[in-house]
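Some notes on the structure that comes next.
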Amino acid sequence: MTFEDSFQEIRKSKDKYRISNLLGDLGKIEPDYHFLDEIMKLSNHRTSQIKWGALGLLAGFNSSGILESFFLEILNNESDDMLLTKATQGLRINGTEKSIDSLLNTFKKGRDGSVKGNIIQTLRCVYLRNHLKPDDTKKIHDFIGNEYPYFHGYWTEIKKAKTLTAEAWEDEAGFQLYKNYLNLVFRHNDEIDIHIHIEKMNSHFIRFIYVTAIYKKYTYTFSKYYTPSEFNPADQRLFDSIFDRTKTMRPDGHVDQIINLLGREMLPTLIDKIKSYESLKKIRFNDFCSNEDEIYNGLFGTSWDFVVCHKLTNSIDVFNDNSDKDKFIDLLIGKWRTLEKDEFSIINYLESQKNSR
């Protein structure tokens with residue numbers, strides 16, 4: 001599959017779904033900038049499927065001088081949620097400080113959860129990929145509600161978490177649970193804080209209990225086409241698998257059980273995951289391969305390659321000082337290709353990490 005072959009078919013086809021599928025498939029290979037103008041014209045097509053497909057393809061091109069203004073025009077003037085989502089995704093590698101206000105305004109005006117979630121991820125990429133002025137950095141920190149290099153904190157409401165010492169977490173947890181919530185942060189060491197919380201009730205009456213290790217200092221890497229997410233060791237339990245499922249599922253009826261669960265199971269499990277994650281910095285490649293599934297299950301809760309590929313890609317920086325780093329990268333690239341879900345941007349990112357220490 002090449003851009004030339006695909007566009008010969010696109011130009012001849014009148015089937016909107018065929019054209020859309022061809023545009024989607026092209027997103028998996030290296031962008032060909034000779035077709036940039038033609039794709040931009042397709043993004044103004046009267047047919048929604050073609051327009052969405054073209055915008056999705058454009059989101060993988062890195063040409064901020066052209067595409068940032070193009071995507072911002074959509075963000076500032078369109079109301080269709082799919083168009084807003086695609087434009088937001090396009091700003092992940094093309095957005096600069098010029099995009100911040102538009103993204104924040106779109107978030108405030110919007111109601112669609114997908115658009116809002118994509119804006120969070122895009123703001124994170126803009127934050128990581130650019131040298132922002134202090135005022136722009138403050139806008140993002142104020143919006144997220146914390147200064148952790150951990151953007152998921154918006155959804156887990158870290159900004160509302162009670163900060164305390166490790167010794168005091170049980171007393172504070174008991175106090176909060178009797179009021180039917182749990183949201184606290186304490187210091188584990190100089191590098192890591194631990195966040196404990198129970199998510200808000202949703203329409204299906206399901207809650208999760210989470211304990212998460214947040215790295216306070218994080219060295220991020222990215223490539224021209226890809227910005228990985230953070231990897232934070234975590235443990236979680238589904239609330240209704242522990243207690244009888246009801247339409248209220250109030251924590252205040254299970255205070256001692258929840259504290260015991262956290263203290264005896266979840267926090268020790270998290271500490272083991274942190275140790276396992278840290279051990280990757282020095283582990284020899286052959287030793288890793290001898291215990292591969294055990295390591296994956298301990299860190300990620302599964303050895304399923306689909307999950308492992310995503311998690312290892314996001315945590316590839318842990319191997320930065322490991323002399324076998326390139327071997328780990330080759331192993332991961334092989335897994336992606338076996339899955340046949342490898343996109344150019346991910347492989348390009350991993351290849352760019354070789355010999356980079």
Side-chain angles (χ1 to χ4, degrees), residues 23 27 31 33 36-37 39-44 51-155 158-159 218-230 314 343-346 348-349 352:
L23 292 169
Y33 290 84
L36 182 58
D37 288 342
I39 301 167
M40 291 177 72
K41 289 177 182 177
L42 284 175
S43 71
N44 290 314
K51 181 184 294 190
W52 296 336
L55 281 172
L57 179 55
L58 283 175
F61 280 67
N62 189 325
S63 184
S64 59
I66 297 172
L67 290 177
E68 182 175 33
S69 297
F70 178 80
F71 288 128
L72 286 176
E73 184 73 16
I74 295 171
L75 211 62
N76 293 329
N77 295 291
E78 297 287 350
S79 58
D80 179 87
D81 287 332
M82 183 60 77
L83 293 180
L84 294 176
T85 296
K86 298 294 186 184
T88 298
Q89 291 170 346
L91 291 170
R92 290 185 186 176
I93 57 176
N94 291 286
T96 67
E97 68 279 355
K98 299 175 187 176
S99 298
I100 293 173
D101 287 340
S102 292
L103 288 165
L104 292 174
N105 289 335
T106 302
F107 189 97
K108 292 172 185 175
K109 291 186 297 183
R111 295 183 178 181
D112 183 79
S114 177
V115 175
K116 286 177 174 284
N118 273 282
I119 288 173
I120 293 288
Q121 291 300 318
T122 298
L123 282 170
R124 176 188 164 277
C125 291
V126 171
Y127 174 77
L128 294 177
R129 296 177 71 92
N130 295 274
H131 295 290
L132 301 179
K133 297 175 183 176
D135 286 349
D136 289 322
T137 299
K138 186 176 185 304
K139 286 178 187 176
I140 293 178
H141 284 165
D142 288 346
F143 174 67
I144 298 301
N146 65 82
E147 295 185 12
Y148 285 121
Y150 178 59
F151 272 67
H152 191 60
Y154 181 90
W155 301 113
I158 292 177
K159 61 184 177 182
Y218 206 101
T219 302
Y220 292 93
T221 56
F222 55 87
S223 65
K224 180 178 179 180
Y225 295 105
Y226 189 74
T227 312
S229 299
E230 301 90 344
N314 290 338
E343 296 188 13
F344 163 77
S345 60
I346 293 174
N348 173 263
Y349 166 72
S352 74

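These numbers come from a predicted model, not from an experiment.
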* For Phe143, enumerate each residue passing the ring pair (Phe, Tyr, Trp, His ring centres under 6.0 Å) test, keeping only those at least two apart in sequence or located in another chain. => Phe107, Tyr154
* Taking the side chain as every heavy atom from C-beta outward, state whether Leu42 and Leu57 have any atom pair closer than 4.5 Å. => no
* Ser63 backbone acceptor or donor facing Asn94 side chain under 3.5 Å -> yes
* To do: State whether the side chain of Glu97 and the backbone N or O of Lys133 hold a donor-acceptor pair below 3.5 Å, judged by distance alone.
  => no
* Can you tell me if CD on Glu78 sees more than 12 non-hydrogen neighbours from other groups inside 6.0 Å? -> yes
* **Close side-chain approach of Arg124 to Glu230, heavy-atom, < 4.5 Å** => yes
* Heavy-atom pair with the smallest gap, counting every atom of Leu83 and Ile74 -> O-CG2, 3.9 Å
* If you look at every heavy atom in Pro228 and Thr221, which pair is closest and at what distance? -> CD-O, 3.3 Å
* Test item: Ser99 and Leu72 side chains (from C-beta on) under 4.5 Å apart, heavy atoms -> yes
* **Closest approach of Trp155 to Gly117 (non-hydrogen atoms, all atoms of both residues)** => CZ2-CA, 3.8 Å
* Does a donor on one side chain and an acceptor on the other come within less than 3.5 Å for Asn76 and Ser102? -> yes
* Donor-acceptor under 3.5 Å (Thr122 side chain, Thr88 main chain) -> yes
* With the side chain counted from C-beta on, respond yes when Tyr220 and Arg129 share a heavy-atom pair under 4.5 Å apart, and no when they do not. => no
* Where Ala59 and Gln89 come nearest, the two heavy atoms and their spacing -> CB-C, 4.0 Å
* Structure fact -> From the list Tyr33, Phe344, Phe70, ring-ring contact (aromatic ring centres under 6.0 Å, His included) with Phe61 holds only for Tyr33
* **Closest contact, heavy atoms only, Gln121 versus Ser229** => OE1-OG, 4.2 Å
* How long is the span from the CG atom in Leu128 to the CG atom in Leu123, to the nearest 0.5 Å? -> 11.0 Å
* Minimum heavy-atom separation for Pro31 to Gly60, with atom names? -> CG-O, 3.5 Å
* **Mutual orientation of the aromatic rings belonging to Tyr226 and Tyr349 [parallel < 30°, tilted 30-60°, perpendicular > 60°]** => tilted
* Within a strict 4.5 Å, meaning less than it, do heavy atoms of the Met40 and Leu58 side chains meet? -> yes
* To do: Answer whether the closest heavy-atom distance between the side chains of Lys98 and Ser69 falls below 4.5 Å.
  => no
* Asked: Which value, rounded to the nearest 0.5 Å, describes the distance between Ile93 atom CD1 and Leu67 atom CG?
  -> 8.5 Å
* Asked: Is Lys139 salt-bridged to Asp136, cutoff N-O under 4.0 Å?
  -> yes
* Asked: With no hydrogens and no angle check, is any side-chain donor or acceptor of Asn62 less than 3.5 Å from a backbone partner on Lys224?
  -> yes
* Can you find a heavy atom in the side chain of Thr227 that is under 4.5 Å from one in the side chain of Arg92? -> no
* **Asn130 (side chain) donor-acceptor with Leu132 (main chain) under 3.5 angstrom** => no
* Structure fact -> Between the NZ atom in Lys108 and the CD1 atom in Ile119, the distance rounded to the nearest 0.5 Å is 11.0 Å
* Asked: Stepwise, does the side chain to side chain contact (heavy atoms under 4.5 Å, CB included) test hold for Leu84 with Asn118?
  -> CA-CA 9 Å; Leu84 294 176; Asn118 273 282; over 6 Å; no
